[in-house]
Trainee: 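Take a look at this one; I'll ask things after.
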Amino acid sequence: MSDRFDRWISSDEWATIVRNVPIVSVDLVIEHSGGIILGRRENEPAKGEWFVPGGRVQKFESLTDAVHRIAREELDIDVAIQRRLGVYEHMYDESDVSEGDGKHYVANAYVMQVNGESSLSTDEQHDSLRVFDDPPEELHPYVEAYLRDAGIR
């Protein structure tokens with residue numbers, strides 16, 4: 001990853017971005033110990049839902065670098081990318097920004113496996129992380145699309 005833009009975005013700047021432009025992100029469909037890692041979200045959008053880990057891409061950061069950074073930051077794991085699922089467009093009525101009028105993501109989804117042994121640890125975005133041998137029947141439609149396209153459902 002380039003260090004040219006490795007800085008924190010202020011809450012005012014973030015609110016302006018959310019109100020005005022789509023957010024480029026990566027979502028991680030992670031196979032681990034015969035199952036799939038899902039986290040229960042603590043924040044909007046999709047608060048309280050079991051969702052794949054993911055996050056925004058930083059300026060001058062490649063998509064694959066973002067995948068590895070997010071796996072380390074959110075789950076404290078190292079991953080090996082197996083394949084790219086594709087580009088998905090996610091639109092939410094909810095947002096973490098007041099007066100944000102929802103949130104729009106251009107999400108790049110990848111299927112990967114965990115490298116080596118690891119124990120999952122939660123971050124401020126998830127109240128629980130689990131490896132599901134058989135993911136719950138009731139999942140967010142965006143997660144359903146990932147699992148279907150990955151051949152898991």
Trainee: Above 12 or not: heavy atoms from other molecules or residues under 6.0 Å from CG of Asn20?
Mentor: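 Counting neighbours around CG of Asn20, more than 12 heavy atoms of other residues, nucleotides or ligands fall under 6.0 Å, so yes.
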
Trainee: Give a yes or no answer on whether the side chain of Arg83 reaches the backbone of Ala150 with a donor-acceptor pair at less than 3.5 Å.
Mentor: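 Yes; judged by distance alone, with no hydrogens or angles, the pair exists.
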
Trainee: Check this for me, if you would: do Glu61 and Arg69 make a salt bridge, where the nitrogen-to-carboxylate-oxygen distance has to be below 4.0 angstrom?
Mentor: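 Yes, Glu61 and Arg69 are salt-bridged.
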
Trainee: Determine whether more than 12 heavy atoms belonging to other residues, nucleotides or ligands lie under 6.0 Å from atom CG of Asn43.
Mentor: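 Atom CG in Asn43 is crowded, with more than 12 foreign heavy atoms closer than 6.0 Å.
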
Trainee: Under a 4.0 Å N-O cut-off, is there an ion pair linking Arg41 with Asp127?
Mentor: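 The answer is no: the pair does not qualify as a salt bridge.
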
Trainee: Under 3.5 Å, is there a donor-acceptor pair between the side chain of Gln82 and the main chain of Ala80?
Mentor: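 Such a contact is found between Gln82 side chain and Ala80 backbone.
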
Trainee: Within this structure, what is the CD1-OG distance for the pair Ile70 and Ser25, rounded to the nearest 0.5 Å?
Mentor: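 Rounded to the nearest 0.5 Å, the CD1-OG separation comes to 7.5 Å.
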
Trainee: What is the distance from atom CG of Leu147 to atom CZ of Phe132, rounded to the nearest 0.5 Å?
Mentor: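 Result: 10.5 Å between the selected atoms.
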
Trainee: Could you tell me which residues satisfy side-chain hydrogen bond (donor to acceptor under 3.5 Å, both in side chains) with His140, sequence neighbours excluded, listed by chain and number?
Mentor: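 Partners of His140 under the side-chain hydrogen bond (donor to acceptor under 3.5 Å, both in side chains) test: none.
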
Trainee: Should His104 and Ile23 count as side-chain neighbours, where that means a heavy-atom distance under 4.5 Å?
Mentor: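 With C-beta onward as the side chain, the pair stays apart.
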
Trainee: Please examine the side chains of Val67 and Val79, heavy atoms only from C-beta on, and report whether any two atoms are closer than 4.5 Å.
Mentor: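 With C-beta onward as the side chain, the pair touches.
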
Trainee: Roughly how far, to the nearest 0.5 Å, is the CD atom of Glu138 from the CD atom of Glu49?
Mentor: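 Separation between the atoms: 9.5 Å.
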
Trainee: His68: which residues meet the ring pair (Phe, Tyr, Trp, His ring centres under 6.0 Å) condition with it, sequence neighbours left out?
Mentor: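 Per chain and number, His68 pairs via ring pair (Phe, Tyr, Trp, His ring centres under 6.0 Å) with no residue.
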
Trainee: Say whether, by atom type as modelled, one donor and one acceptor occur between the side chain of Tyr142 and the main chain of Met91 under 3.5 angstrom.
Mentor: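 Present.
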
Trainee: Can you name the closest pair of heavy atoms from Ile9 and Trp14 and give their distance?
Mentor: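 Taking Ile9 first and Trp14 second, the nearest heavy atoms are CG2-N, 3.5 Å.
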
